[in-house]
2 protein chains.
Amino acid sequence: MKQKRPYACGVDAAVDVIDGKWKVLILWSLSTGGKRFGELKRDLSGVSEKVLIQQLRELAADELVHRRTYAEVVPRVEYSLTELGRSLNEALEPLGEWGARNRPGIEARRAHLSPERVNTADNHPRHG
Amino acid sequence: MKQKRPYACGVDAAVDVIDGKWKVLILWSLSTGGKRFGELKRDLSGVSEKVLIQQLRELAADELVHRRTYAEVVPRVEYSLTELGRSLNEALEPLGEWGARNRPGIEARRAHLSPERVNTADNHPRHG
DNA sequence: CTGTATCCTACACGATACTG
DNA sequence: CAGTATCGTGTAGGATACAG
C-alpha cells in the first residue's frame, strides 16, 4: 500500500496489495470462511486493534475483503473474502508451497549467518 | 527480511524473503540472465547504490542470487539467479499474472478513492 | 566500475486509553 | 464488541560524498 512509482510488473502490483505486516495472514485466516473482528484479532496473535483495522480497511478498499455490518444490539461485523480475494489467495498458493518447502533452508541460513554480517563483504563463496 | 515472529505459514516465509522495495524487481530483472551491478542499477531506475547493494547482499545471503567477481583491471561483478532463485521466480508467476490481470482495477479503485479516505469509515457499500 | 560511509527522514507498526 | 484518538519508535529506504 505504498504505490510510489508505477508498477514495473504484475508481481509488483500484487505485492503492493498484500504489503502490510498482517495482510497475507488476514487473507489466509479468512480463506476458511468469514470471521468477526474479535476472531481475527485472536487469530492474529500480537496485532493491535489499530493496525488490524487499518489493514482490514485497506484490504476492503482494494476489494479483497468484504465488510458486513449487522445492526444488532451488540455490535457485530463480519469480514470475508471477496471473489477477488479468493483469486488472490489462489495465486498465492504456489508461493506458499515454495515457502513451506524452503523454510527450513531459509531459517537455517539466517541462523548461522548473523544478521550483522549479511551486509558486510564476503561471506560469499569464491569462484575463480 | 525482518523475521520478527516465527513464520505463520509458507507465504509468510516467502514474502519475508522478497521483502524489500526492489527485490522482486531484481529477481525479475535477473530472470533473463546474469547482469552486472551497473546494468541492474540502470534497470531499476531510481534505486540508490546503497540500497541496491544491500538488497543484493540479502538476496545472496538467502541464496537466491549468486555473486560472481572477476579479478580484472576494471572491477566487474556479475549477479545471477541461483536454482533456488529461479524456483522462487516460478512460484511468483501466478501472482504476477494475477497482478497483471487486476492491475487496472487496483489502480482504478485507488485513483478515485483518495488515500486519506481509505482509513476513514464507510466508503463501503451497504448491505442490509 | 563497484562498492563504503554517513547522515537523514518518512512512515509502518505498536501501546494505551477512551467511546458508541 | 468494534472500533477511534494519540503518542511514541524502529528501521527501511534515500541523498550524497568518498574509495579501491
Side-chain angles (χ1 to χ4, degrees), chain A residues 1-5 15-26 34-60 65-80 115-124, chain B residues 1-5 15-26 34-61 65 67-80 115-124:
Chain A
M1 205 69 171
K2 22 186 187 193
Q3 169 76 322
K4 298 183 178 178
R5 51 163 162 24
V15 166
D16 189 31
V17 142
I18 57 169
D19 188 30
K21 192 169 175 184
W22 305 91
K23 287 191 184 174
V24 300
L25 296 185
I26 292 172
K35 292 221 171 95
R36 303 182 54 173
F37 182 83
E39 293 182 88
L40 277 171
K41 192 186 163 183
R42 252 169 284 121
D43 240 45
L44 314 184
S45 174
V47 69
S48 77
E49 291 172 351
K50 174 198 149 194
V51 171
L52 178 54
I53 218 131
Q54 218 172 69
Q55 312 220 339
L56 279 170
R57 285 218 196 283
E58 291 179 358
L59 289 171
V65 313
H66 182 76
R67 179 178 179 273
R68 182 166 210 167
T69 56
Y70 298 85
E72 301 178 350
V73 271
V74 37
R76 182 177 154 208
V77 179
E78 188 167 286
Y79 294 90
S80 57
E116 303 77 47
R117 291 212 55 200
V118 169
N119 269 299
T120 179
D122 290 58
N123 311 304
H124 311 280
Chain B
M1 205 71 170
K2 22 189 185 191
Q3 169 76 324
K4 298 183 176 178
R5 51 164 163 25
V15 166
D16 189 31
V17 143
I18 57 170
D19 188 31
K21 191 170 177 183
W22 305 92
K23 287 192 184 173
V24 299
L25 296 184
I26 293 173
K35 291 221 170 93
R36 302 182 54 173
F37 182 82
E39 294 183 88
L40 278 171
K41 191 185 164 184
R42 250 170 284 123
D43 240 44
L44 314 184
S45 174
V47 70
S48 75
E49 293 171 349
K50 175 198 148 193
V51 170
L52 177 54
I53 236 231
Q54 217 172 69
Q55 311 220 340
L56 279 170
R57 287 220 194 283
E58 290 178 0
L59 288 171
V65 312
R67 178 176 180 274
R68 181 166 210 167
T69 57
Y70 298 85
E72 301 177 351
V73 269
V74 38
R76 182 176 152 209
V77 179
E78 189 167 286
Y79 294 91
S80 57
E116 303 76 45
R117 293 211 54 200
V118 170
N119 269 299
T120 180
D122 292 58
N123 311 304
H124 311 282

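Throughout, a chain's letter reflects where its sequence line sits, starting with A, and its residues are numbered from 1.
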(message) Need one value for A:Tyr70: base, sugar-phosphate or nothing, where a base atom within 4.0 Å counts as base even if backbone is also close, heavy atoms only.
(response) nothing
(message) For nucleotides 15-20 of chain D, give me one character per nucleotide, 5' to 3': B if any protein heavy atom sits under 4.0 Å from the base, S if the only such contacts are to the sugar-phosphate, - if neither.
(response) B-B--B
(message) Heavy atoms from C-beta onward define the side chain here; which of C:dT2, C:dC13, D:dT4 lies closest to that of B:Val77?
(response) C:dT2
(request) Using the test salt bridge (charged side-chain N to carboxylate O under 4.0 Å, His left out), find all partners of B:Lys21 that sit at least two apart in sequence or belong to another chain. (result) none
(request) List in chain and number order the residues that pass side chain to side chain contact (heavy atoms under 4.5 Å, CB included) with B:Ser48, two or more places apart in sequence or in another chain; answer none if no residue qualifies. (result) B:Lys50, B:Val51
(request) Name all residues meeting the side chain to side chain contact (heavy atoms under 4.5 Å, CB included) criterion together with B:Val77; count only those two or more places apart in sequence or in a different chain, and write none if there are none. (result) B:Arg67, B:Thr69, B:Tyr79
(message) Please enumerate all residues that pass side chain to side chain contact (heavy atoms under 4.5 Å, CB included) together with A:Arg42, with sequence neighbours excluded.
(response) A:Glu39
(request) Would you mind reading off the bend of the helix from C:dC1-D:dG20 to C:dG20-D:dC1 from its two end axes, five pairs each, to 10 degrees? (result) 50°
(message) Using a strict heavy-atom distance below 4.0 Å, which residues from residues 16-25 of chain A are in contact with DNA chain C?
(response) A:Gly20, A:Lys21, A:Trp22
(message) Pick the closest DNA chain C nucleotide for B:Tyr79 and for A:Val47 by heavy atoms, then say which residue is nearer the 5' end.
(response) B:Tyr79
(request) Answer whether the closest heavy-atom distance between the side chains of B:Ile18 and B:Leu59 falls below 4.5 Å. (result) no
(request) Go through the structure and list residues passing salt bridge (charged side-chain N to carboxylate O under 4.0 Å, His left out) with B:Arg76, not counting sequence neighbours. (result) B:Glu72
(message) Can you list everything that forms a side-chain hydrogen bond (donor to acceptor under 3.5 Å, both in side chains) with B:Asp16? Sequence neighbours excluded, please.
(response) A:Arg110, B:Tyr7
(message) Given D:dG14, C:dC1, D:dA2, identify the nucleotide with an atom nearest to the side chain of B:Val74.
(response) C:dC1
